[in-house]
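Here is the structure we will look at, set down as structure tokens.
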Amino acid sequence: MNLLATAIWVAVITSTVLLFRGLNRSRPAPGGPEPRLHDLSEAAFLAGGPGAVVDAALVSMLGDGRLVVGGPGIVRVSPGARAGDFAERAVLQAHANAPSGWLYQVRYGAMLDPAIQETGDALAARGLISPPGAGRRWRRWGVTQAVVCGVLLPFSLVLTFVGLAVDSGSQVPFIVKVFPVLIGGVVMGCAAVARAGRRLTPAGRTALRAMRSAYLYDRTPHVQTALLGLAGLRDPYLRALLVPAARSTRLAAAQSGSRSSWSGAEVLPVVWCASGDGGSGGGSSGCGGGSGVSGCASSGSSCGSSSSSCASSGGSSCSSSSSSCSSSSGSSCSSSS
């Protein structure tokens, strides 16, 4: 029994050390001495992934009349409307490719735009956000460790009773020998899952806080949407339009996949999904439903595309739950990790 208890201690401690070492190495290093964001679009991407970037553009264009509501959930472009930046250009292009004008289809199409997706690449290159899928291996490792340690707890109790029945002399019960390390293994495994699910790096969180401080007193709707996601949008009319559109992004992804199967065309997957810990809230940038490991406080996302790199995994002792990407995560599925 003593040998088995020692082996369990060694295995759990070794697994935990390797797990956190791998997590540390998987996080990108900052590309400069002082992390800074260039504009509100980058802040929106950190706060809620590509969906938050598009939401901010939609708020701006709906607010000044360049987009008008043509019916419940339908928008149209005003004559002569021009884009002010790449996100608004993506919205206009997505609208041109969505003849029906459904807002959720426009939103999803704009999220697919290469210029918006490349914003995530630029942030990752500067060490402000983790690339999609960077923490998947370590998330699964953490879930596995938590599950195995949880299963070993009742098994150790059985061995304790067996040991007491075989040897009635004075001895330390087996469960007492392994209980601390098994509980520690569960806790550390869940902590690793939560950490692996965070898309923003420490440098990214610092940069986002600095941008929010710079716009602390700016209550312009599109600014608040960029910095806080749809949770920061106070206009009830715009919220009534955009929140359902954000929740319907999975439907748009499914429809996009169906159209590709009819035409044989390849649909560009949403590589950058919801940011996992951007704090956007309100379904601001959801890109479909994702499964998270709720018992381990993890968040993940999937984008309705089989080739997406931001799916999260669940474990048995950390019960799975469905949620929409934020982002943010997605959370752009939120992370998105």
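Thr201 contributes a side-chain N or O that, together with a main-chain N or O of Gly127, makes up a donor-acceptor pair within less than 3.5 Å. Judged by distance alone, with hydrogens and angles left aside, the side-chain atoms of Ser248 form no donor-acceptor pair with the main-chain N or O of Tyr104 at under 3.5 Å. A distance-only check finds no donor-acceptor pair linking the side chain of Arg107 to the backbone of Val54 [under 3.5 Å]. In this structure, the side chain of Gln117 engages the main chain of Met111 through a donor-acceptor pair within 3.5 Å. Side-chain N or O atoms of Asn97 include one that pairs as donor or acceptor with a backbone N or O of Gln93 at under 3.5 Å. Counting only distance, with no hydrogens or angles, the side chain of Asn2 and the backbone of Ala5 share no donor-acceptor pair below 3.5 Å.
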Show me the donor-acceptor pairs within less than 3.5 Å that the side chains of residues 7-14 make with the rest of the protein, sequence neighbours left out.
| residue | atom | partner | partner atom | Å |
| --- | --- | --- | --- | --- |
| Trp9 | NE1 | Lys177 | O | 2.7 |
| Thr14 | OG1 | Val10 | O | 2.7 |

Donor-acceptor contacts, no H, no angles, side chain residues 219-227, under 3.5 Å, sequence neighbours left out:
| residue | atom | partner | partner atom | Å |
| --- | --- | --- | --- | --- |
| Thr220 | OG1 | Asp218 | OD1 | 2.5 |
| Gln224 | NE2 | Asp218 | O | 2.6 |
| Thr225 | OG1 | Pro221 | O | 2.8 |

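Remark: Arg66 engages Asp64, Glu88 in a salt bridge (Lys or Arg N to Asp or Glu O under 4.0 Å) (not counting sequence neighbours). By the side chain to side chain contact (heavy atoms under 4.5 Å, CB included) test, Ile183 is found to be paired with Leu153, Phe179, Val187, residues two or more places apart in sequence or in another chain being considered. Under the ring pair (Phe, Tyr, Trp, His ring centres under 6.0 Å) criterion, Trp141 pairs with Trp138, not counting sequence neighbours.
Hydrophobic cluster membership for Val68: none, as no Ile, Leu, Val, Met, Phe, Trp or Tyr side chain comes under 4.5 Å of it.
For the pair Gln145/Val148, no side-chain contact is recorded, criterion being any heavy-atom separation below 4.5 Å from C-beta on. With contacts defined as side-chain heavy-atom distances shorter than 4.5 Å, the pair Val178/Leu152 does not qualify. Proximity of His95 to Met61: side-chain heavy atoms (C-beta onward) are nowhere separated by under 4.5 Å.
Of all the heavy atoms in Gly204 and Leu46, the pair that sits closest is O-CD1, 3.7 Å. Val186 and Gly150 make their closest contact through CG2-N, 3.7 Å (heavy atoms, listed as atom of the first residue, atom of the second, distance). When every heavy atom of Pro180 is checked against every heavy atom of Val176, the shortest pair comes out as CD-O, 3.4 Å. In this structure, Arg212 and Ala47 approach most closely via the heavy-atom pair NH2-CB, 4.0 Å. Taking both residues in full, the closest heavy atoms of Ala94 and Val106 are given as CB-O, 3.3 Å, listed atom of the first, atom of the second, then distance.
Here the CD1 atom belonging to Ile74 is positioned 9.5 Å from the CD atom belonging to Gln105, to the nearest 0.5 angstrom.
In the displayed structure, Phe86 atom CZ is contacted under 6.0 Å by more than 12 heavy atoms of other residues, nucleotides or ligands.
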